Amino acid sequence: MSMNKNLFDYLSNEKDEDIFFLLGSGYDGSKGKAYLKLLDPRKQEIILLYDETNHKPYCYSKINIEELKNREDLIKAGAINFIQEKKYDPLIDSYIEVTKIIASDPLSIGGRKDSIREIIETWESDIPYHLNYLYDMNLIPGMPYKIENGILKMASSLNEINKMIIEKFNNKNEEEKKEIAKWLLLLEAEQPEIKYVSLDLEVLSPISTRVPNPAKAEYPIISIAFVGSDGLRRVLMLKIKENIENIENKEFTVTFFNNEREMLREAFNILNKYPCVITFNGDDFDLPYLKNRAEKLNMSKEEIPIIISKEGASLERGVHIDLYRFFFNKSIQVYAFGNAYRENTLDGVAKSILGRGKIEILKNLSELSSKELAEYNFGDALLVHDLATINNNLVIKLLIVLSRISMMPIEDVCRHGVSGWIKSLLYYEHRKRNYLIPRPEDIIKEKGVISTKAIIEGKKYRGAIVVQPFPGVHFNVIVLDFASLYPSALKIWNLSYETVRCPHSECKDNLIPETSHWVCKKIKGLQSLIIGCLRDIRVEWYKPKSSDKNLTQEKRIWYDIVQKALKVFLNASYGVFGAEAFPLYCPPVAESTAAIGRYAFKKAVEKAKEMNIEIIYGDTDSLFLKTKNYETIEKLIKWAKESMGLDLEIDKIYNYVVFSSRKKNYLGVTDKGIVDVKGLTGKKRHVPEFIKKAFNEMLNELKNVKNEEDFEIAKKKIENLIREWYFKLKRGDFALEELAFHIMISRKPEKYMKTTPQHVKAAKKLKSKGIDIVAGDIISFVKTKNKEGVEPLQLARKDQIDTEKYIEYLRSTFEQVLDALGIDFNNIVGVTSLESFL
DNA sequence: GCGGACTGCTTACCT
DNA sequence: ACAGGTAAGCAGTCCGCG
């Protein structure tokens, strides 16, 4: 890499108004300083800005300052200074004296066996130093900054449009307005355009079923593909023996190298030209392999621009986005992508999102010709690039927004789940307000109380209510739901770890329904304020804008990105407080939230009944009402707002719904002609394609039903198609793959101690054939007549299929719907009582 | 020694 | 390492049965 230019040299020929985007932060051990990674959007370079304020790592102790000063062990561990401070302790609602222990470097605080936090009781000693620095400097990653006299100043202010938005929130109180304005400033700020390059490498490994170990990096890298957002399309290849051939490809250019070191040198040259590198699993494979291989080939430290830490991989002058980590994130999967993909492989994600997967190779990597290898390698890099590009750079924009909300650099956002994001956000807010961040044991000591009993054994507290559905076909159904019920509960009932079971005796009469918990009447809870405001901003601004037909599509996509990012935070804000691993774990907060949810839900059900509206189903926050009377609905909505302050909304209108007596299991056709399927087996991803096709044919018939007469016609057609699919099975009229179940294996096959489910049996058979199976793999298998009853798809033959098992599966899949239609599967396929005996 | 009833494990889904 | 509630299929066990 180029030597560190001094930032001010760099700026000398820049204009004052030039802005930079803060993309990351880190700690430079050799300089003993924190630094910032700033993107220069004009040059598309990352510049490093080192701390000039002499900021040092620190933590807090409740031990008297004089006593601490005299402790040799602390000095030996790296303590360099002690300062007495007053901090607000939210758990006791008062200011306390604490001693700030300042250390020479982050490892003195924590990370070694003899670090300060191992010697004495400390507070705030587990925050990574690079985040600590951002919080203290009030720097928000993802935001634009100007540099004035060496000091960063946020280059975003509320413009006229933003002020208009704030008008919308004029009904809020002063505290809320202040908070909302702060968030709008972050969310509405200019987005950076980042030039990026995707990277993928191939290693020549003697064992094809195993991924080469990046720590050892013992085998040569034979091919490296790059796809840049600026149009770069290159493959670097190592010339190995007889594989030299002239590769002509319109899509990319190939450069051959005689020497691996020369190839890596060129690869690093390319990496250095981009401020952002995108990979799929680059944290755990591509980047560490590159670095370790380069070291093995005796390349000098200065030549290798890759930084590996236990958190992941980064670049000296760049940021690294690992899409594997990003797509693996459950919240991203569910809320940002609406469960569009289920597998965490590049092939699986790409197929679902881009509609195309990896290039299939039937041979070993080592048996490919140069041309085939280049195409395969390039194909992967292109998929990674396209995943980042799709929907107007959705992934990168989403990361930037998440970064601004969580107060974490994008690299950290990629590597952590929602609990990490919310933790970071709350820690930042504590710092800003001079709150001492409590330790988990501090909260549990006072607030480990639980007062309800869960329905599911092993769970900690009672959750939501699900109403028994009224079986049958129902026309004219309106679905009402509470907009963001749990975040609303947090907001309205002032729920936060410090306000639930607060220390004031005068608050103890402010009880949460169905629990023994009370809530503070004097202090506004931090969590309640922040989540409440984020909720309002989403519900009242970004959500409606995301479907505003007056806006351009590009604008709508942008609003949708912000809306989705907010949704991720809102949805998780309740759950994290019920998760033991969350550092602010506070069971009464989670329990109270769920209890208020039940309370609001029950009251709404009661009210609807009182208004003579027929309720046919409901789950957590939704009510399925059988009515055409919009006036009464409006009244119910108004009542919810007035009596509880909750927004009840019309979520959907169904021409009709079909219920069996199963909860979380139904089918409906909306007024827009869309067939909604919830929870039915025929829709589950692991179900064989054969069953799904049959099921989808039924949905097609149901889609066109408008009234009772249509229904009779559809029923006949459904009966016919079921008969058809049944005979296809009987006749053997199917391809083997169509009958495969695809089930995810959640651990290694040998880790199943209690039972051996079918997919594990299949996985073990694969393993015995030398195929490596790891947690998260999707196992494809068919049901067979052999003694185990299963065979992995790869090893199965068509004549082994146990047809009866599939007929049974077809039956149970259809029964979930046929029950309600009054159709009997067995009657259709002609199973008479006599036949079933035989 | 067999088979139905039952429990527990596992996965996928809903909100 | 966000939560609890529900469905379904299968594995394994218990218990009655001359």
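All values reported here derive from a predicted model rather than from experimental measurement. Residue numbering restarts at 1 for every chain, and letters A, B, ... go by the order of the sequence lines.
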Base, sugar-phosphate, or nothing for [X], non-hydrogen atoms under 4.0 angstrom?
X: A:Ala454; value: sugar-phosphate
X: A:Lys683; value: sugar-phosphate
X: A:Gly575; value: base
X: A:Phe577; value: nothing
X: A:Gln816; value: sugar-phosphate
X: A:Asn339; value: nothing
X: A:Lys761; value: sugar-phosphate
X: A:Thr756; value: sugar-phosphate
X: A:Thr593; value: nothing
X: A:Lys453; value: nothing
X: A:Phe601; value: nothing

Spacing between [X] atom [atom1] and [N] atom [atom2], to the nearest angstrom:
X: A:Arg662; N: B:dA12; atom1: CZ; atom2: C1'; answer: 16 Å
X: A:Gln758; N: B:dA12; atom1: CD; atom2: P; answer: 14 Å
X: A:Lys664; N: B:dC14; atom1: NZ; atom2: P; answer: 9 Å
X: A:Leu623; N: B:dT15; atom1: CG; atom2: P; answer: 13 Å

Item to check | Cation-pi check, A:Lys564 onto A:Tyr335 ring (under 6.0 Å, within 45° of axis) | outcome: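 Ring-cation test returns no.
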
Residue pair [X] / [Y], side-chain donor-acceptor N/O under 3.5 Å:
X: A:Asp347; Y: A:Thr345; result: no
X: A:Ser309; Y: A:Glu311; result: no
X: A:His130; Y: A:Asp412; result: yes

Checklist entry - Roughly how far apart are A:Arg662 CZ and A:Gln816 CD, rounded to 0.5 Å? => result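 Between atom CZ of A:Arg662 and atom CD of A:Gln816 there are 5.0 Å.
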
Item to check | pair A:Pro688-A:Glu738: side-chain heavy atoms closer than 4.5 Å | outcome: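 They are not in contact (no side-chain heavy atoms under 4.5 Å apart), so the answer is no.
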
Item to check | Ring centers of A:Phe624, A:Tyr666 separated by less than 6.0 Å | outcome: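 Under 6.0 Å, so yes.
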
Item to check | Nearest non-hydrogen partners of A:Asp283 and A:Ala313, listed with the distance | outcome: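 That closest heavy-atom pairing would be OD1-N, 2.6 Å.
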
Checklist entry - Run the side chain to side chain contact (heavy atoms under 4.5 Å, CB included) check on A:Ile674 and A:Val669 step by step: do they pass? => result CA-CA 5 Å; A:Ile674 294 163; A:Val669 179; over 6 Å; no

Checklist outcome for this item: Under a 4.0 Å heavy-atom criterion, the protein footprint on nucleotides 3-11 of chain B, written with B, S and -, is ------SSS

Next on the checklist: Pick the closest DNA chain C nucleotide for A:Thr620 and for A:Gln468 by heavy atoms, then say which residue is nearer the 5' end.
Outcome noted: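 Between the two, 5'-proximity favours A:Thr620.
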
Next on the checklist: Closest-nucleotide mapping onto DNA chain C: is A:Thr681 or A:Gly417 further toward the 5' terminus? I mean the 5' end.
Outcome noted: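 This one resolves to A:Gly417.
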
Item to check | Partner set under side-chain contact (heavy atoms from CB on, under 4.5 Å) for A:Thr620, not counting sequence neighbours | outcome: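 Once residues adjacent in sequence are excluded, the partners of A:Thr620 under the side-chain contact (heavy atoms from CB on, under 4.5 Å) criterion are A:Ala464, A:Tyr486.
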
Next on the checklist: Below 4.0 Å from chain A heavy atoms, what is the first contacting nucleotide of DNA chain C and what is the last?
Outcome noted: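 For DNA chain C, the relevant span reads C:dA1 to C:dG12.
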
